Amino acid sequence: MATSSSANPPEVPAFDASTPTTAARRGAMAVLAQARAEEIEQGLRAVLDPVDYVELRAPETGLVMLRGRIGGDGAPFNLGEATVTRAAIQIASGEVGIAYILGRDPQKARLSAVCDALWQSKRYRDAVERRAQTAATRVDFFTLVRGED
């Protein structure tokens, strides 16, 4: 259940890339990046009771400039723009979750931020990782039908 923050939301802490859990956190977020909002919501409901959180930054959609380099080491150039949606929340135990997603899906950004905050909490990390591993190993089967020869 979300509640709105005050007129002056607290500053969102900077992400420290030097922590030992960075790779694991990135891995969990990579799984969320591939999931649809409905799948994330379903996964959260399957492992947890509703989580109370405060929106530090309501989902916002905007543009980012994509930059590229020829051959990986050439001069940088502007490739184009991409639409992203971002959100930041804080759960009751104090962890702050941040999510930036490609596209215009505010619900997915919000749910991804909730998962990020839960992953940072030792109390909820195992449940979130278990769902992430299940989603990462899921196989979707489909049948190809050949036309008449």
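Predicted, not measured: the structure shown is a model, and the values here were computed from it.
The backbone N or O of G103 sits less than 3.5 Å from a side-chain atom of T85, completing a donor-acceptor pair. At distances below 3.5 Å, not a single donor-acceptor pair connects side-chain atoms of K108 with backbone N or O atoms of L102.
Note: E41 CD to L111 CG = 5.5 Å, rounded to the nearest 0.5 Å. Taken from SG in C115 to CZ in R110, the straight-line distance is 13.0 Å, to the nearest 0.5 Å. Going from atom CD1 of I101 over to atom CZ of R86 covers 13.0 Å, rounded to the nearest 0.5 Å. With values rounded to the nearest 0.5 angstrom, L56 atom CG is found 7.5 Å from I89 atom CD1. Considering CZ of R125 and CD of Q120, their distance stands at 8.0 Å, rounded to 0.5 Å. With values rounded to the nearest 0.5 angstrom, R25 atom CZ is found 7.5 Å from M29 atom CE.
One hydrophobic cluster, built from ILVMFWY side chains closer than 4.5 Å, holds both L66 and F77. Y124 is connected to V47 through a chain of hydrophobic side-chain contacts under 4.5 Å among Ile, Leu, Val, Met, Phe, Trp and Tyr, so both are in one cluster.
Within 6.0 Å of the CZ atom in R104, the count of heavy atoms belonging to other residues, nucleotides or ligands does not exceed 12. Counting non-hydrogen atoms of other residues, nucleotides and ligands closer than 6.0 Å to CZ of R67 gives a total above 12. Counting heavy-atom neighbours within 6.0 Å of D49 CG, excluding the residue itself, gives a total of 12 or less.
Minimum interatomic distance between A113 and A87 (heavy atoms only, all atoms of both residues): CB-O, 3.9 Å. The two residues P76 and R69 make their nearest non-hydrogen contact at CD-NH1, 3.7 Å. Considering every non-hydrogen atom in both A99 and A109, the closest pair reads CB-O, 3.5 Å. Shortest non-hydrogen contact noted between I40 and S112 is CD1-OG, 3.7 Å.
Using a 4.5 Å cut-off on side-chain heavy atoms (C-beta onward), L44 and V51 make no contact.
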Between R45 and Q42, does a side-chain hydrogen bond (donor to acceptor under 3.5 Å, both in side chains) hold up when you go through it step by step? CA-CA 5 Å; R45 274 188 295 195; Q42 211 172 42; over 6 Å; no

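Exactly one of I91, V96, L118 qualifies for a side-chain contact (heavy atoms from CB on, under 4.5 Å) with Y53. That residue is I91.
Residues passing the side-chain hydrogen bond (donor to acceptor under 3.5 Å, both in side chains) test with T83: none are found, sequence neighbours excluded.
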